[in-house]
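Structure record follows, encoded as structure tokens.
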Amino acid sequence: METRELTCINCPMGCLLTVEMDGDTITDISGYTCPRGKTYAEKEVKNPTRIVTSTVKVTEGEKERVSCKTEHDIPKDRIFDVMEAINAACVEAPVVIGEVLIRDVAGTGVDVVATAHVGRKH
């Protein structure tokens with residue numbers, strides 16, 4: 001029997017969750033105050049995922065970099081692969097919010113999108 005303690009990140013309450021496991025089977029989840037906490041705990045111990053935020057280099061832009069994020073969450077164990085692809089990427093200005101900067105980043109099936117606007121140098 002294994003016990004894992006987690007802090008739910010679905011809302012500002014930050015419920016302290018306790019997950020009891022027997023091998024790969026969840027036997028009990030406690031500490032959550034809403035259904036989202038229970039769902040978070042199940043997902044976190046079985047298949048943890050994260051949204052990745054970063055910046056991408058911009059050429060010919062008013063700024064040298066544009067903020068970005070993965071459009072959806074990716075498997076936690078792929079974060080370093082995704083960051084490697086983001087760090088290698090370079091886009092040309094102008095960049096608009098929501099624009100896809102990297103399609104299918106690191107083979108995850110998830111796109112990286114701009115979260116800010118960067119105009120072209122005048």
Side-chain angles (χ1 to χ4, degrees):
M1 197 65 110
E2 177 186 0
T3 301
R4 295 190 194 177
E5 294 185 353
L6 310 167
T7 301
C8 182
I9 59 173
N10 276 327
C11 77
M13 286 186 62
C15 294
L16 299 175
L17 310 173
T18 302
V19 181
E20 299 287 336
M21 299 188 68
D22 186 5
D24 289 339
T25 304
I26 297 172
T27 57
D28 187 48
I29 299 173
S30 60
Y32 59 92
T33 56
C34 73
R36 291 186 307 166
K38 182 177 181 185
T39 301
Y40 171 79
E42 291 168 341
K43 185 176 177 184
E44 187 64 13
V45 298
K46 294 282 190 173
N47 183 29
T49 60
R50 298 289 184 271
I51 299 270
V52 174
T53 60
S54 188
T55 60
V56 168
K57 293 176 209 152
V58 177
T59 59
E60 300 299 319
E62 297 169 329
K63 298 179 183 175
E64 292 181 8
R65 301 186 79 79
V66 62
S67 60
C68 64
K69 70 178 191 82
T70 53
E71 198 168 25
H72 304 285
D73 48 350
I74 58 145
K76 187 176 174 182
D77 64 358
R78 298 297 311 278
I79 289 174
F80 289 108
D81 298 330
V82 167
M83 282 307 303
E84 186 176 325
I86 289 172
N87 289 335
C90 187
V91 297
E92 188 173 331
V95 180
V96 296
I97 294 173
E99 179 179 336
V100 174
L101 304 176
I102 306 170
R103 291 208 181 278
D104 185 23
V105 65
T108 60
V110 175
D111 296 338
V112 173
V113 296
T115 58
H117 174 80
V118 175
R120 192 163 181 83
K121 282 184 191 176
H122 296 330

| About how many Å separate CD1 of Ile26 and CD of Glu42, when rounded to the nearest 0.5 Å? | 5.5 Å
| said: Checking Glu5 against Thr18 for the side chain to side chain contact (heavy atoms under 4.5 Å, CB included) test, could you report, in this order, the C-alpha distance in whole Å, the side-chain angles of both residues, the deciding distance, and whether it holds? | reply: CA-CA 5 Å; Glu5 294 185 353; Thr18 302; 4.3 Å; yes
| request: Report yes or no: do Val91 and Val82 belong to one cluster of Ile/Leu/Val/Met/Phe/Trp/Tyr joined by side chain heavy-atom distances under 4.5 Å? | output: yes
| said: Are Leu17 and Ile9 connected into the same hydrophobic cluster when the rule is that any two of I, L, V, M, F, W, Y join if their side-chain heavy atoms are below 4.5 Å apart? | reply: yes
| Within the distance-only criterion (no hydrogens, no angle test), does the side chain of Thr70 pair as donor or acceptor with the backbone N or O of Val52 below 3.5 angstrom? | yes
| said: If I take atom OG1 from residue Thr59 and atom NZ from residue Lys121, how far apart are they, to the nearest 0.5 angstrom? | reply: 9.0 Å
| query | Are Ile79 and Val110 in one and the same hydrophobic cluster, where Ile, Leu, Val, Met, Phe, Trp and Tyr link if side-chain heavy atoms are under 4.5 Å apart? | reply | yes
| field | Short side-chain to backbone donor-acceptor contact, Arg78 and Ala106, under 3.5 Å | value | yes
| More than 12 heavy atoms of other groups within 6.0 Å of Met83 CE | yes
| request: Search all heavy atoms of Cys68 against all heavy atoms of Thr115 and return the closest pair with its distance. | output: N-OG1, 3.5 Å
| field | Considering all heavy atoms, the nearest Tyr32-Cys15 contact | value | CA-CB, 4.3 Å
| How long is the gap from CG on Leu6 to NZ on Lys43, to the nearest 0.5 Å? | 13.5 Å
| said: Quick one, Val58 with Lys63, criterion side chain to side chain contact (heavy atoms under 4.5 Å, CB included). Give me CA distance, side-chain angles, the key distance, then yes/no. | reply: CA-CA 7 Å; Val58 177; Lys63 298 179 183 175; over 6 Å; no
| message | With a 3.5 Å distance limit and no angle check, can you tell me whether Glu71 reaches the backbone of Asp111 through a side-chain donor-acceptor pair? | response | no
| task | Mind listing the closest non-hydrogen atom pair of Val95 and His117 along with its distance? | result | O-ND1, 2.9 Å
| field | salt bridge (Lys or Arg N to Asp or Glu O under 4.0 Å) partners for Arg120, two or more places apart | value | Glu92
| remark: What one should report as the nearest heavy-atom pair of Ser67 and Thr55 is CA-CG2, 4.0 Å
| task | Return the set of residues passing salt bridge (Lys or Arg N to Asp or Glu O under 4.0 Å) with Glu20 (not counting sequence neighbours), or none when no residue passes. | result | none
| message | Given 3.5 Å as the limit, does a donor-acceptor pair link the side chain of Asp73 with the main chain of Ile51, or not? | response | no
| said: Test of understanding: clusters of I, L, V, M, F, W, Y form through side-chain heavy atoms closer than 4.5 Å, transitively. Do Val45 and Ile29 belong to the same one? | reply: yes
| said: Looking at every non-hydrogen atom in both residues, tell me the closest pair between Arg36 and Cys11 and how far apart they are. | reply: NH2-CB, 3.5 Å
| note | Rounding to 0.5 Å, atoms OG1 (Thr3) and CE (Met21) come to a distance of 10.5 Å
| message | Just verifying a value: how many Å separate Asp77 CG and Asn47 CG, rounded to the nearest 0.5 Å? | response | 8.5 Å
| Is atom CD of Glu84 surrounded by more than 12 heavy atoms (other residues, nucleotides or ligands) closer than 6.0 Å? | no
| remark: On a heavy-atom basis, the closest approach of Val118 and Ala93 is O-CB, 4.1 Å
| request: Could you tell me whether a side-chain N or O of Lys46 sits under 3.5 Å from a main-chain N or O of Asp24, the two making a donor and an acceptor? | output: yes
| What is the distance from atom NZ of Lys57 to atom CZ of Arg65, rounded to the nearest 0.5 Å? | 6.0 Å
| said: For the backbone of Met1 and the side chain of Asp22, can you confirm whether one donor and one acceptor N or O come within less than 3.5 Å of each other? | reply: no
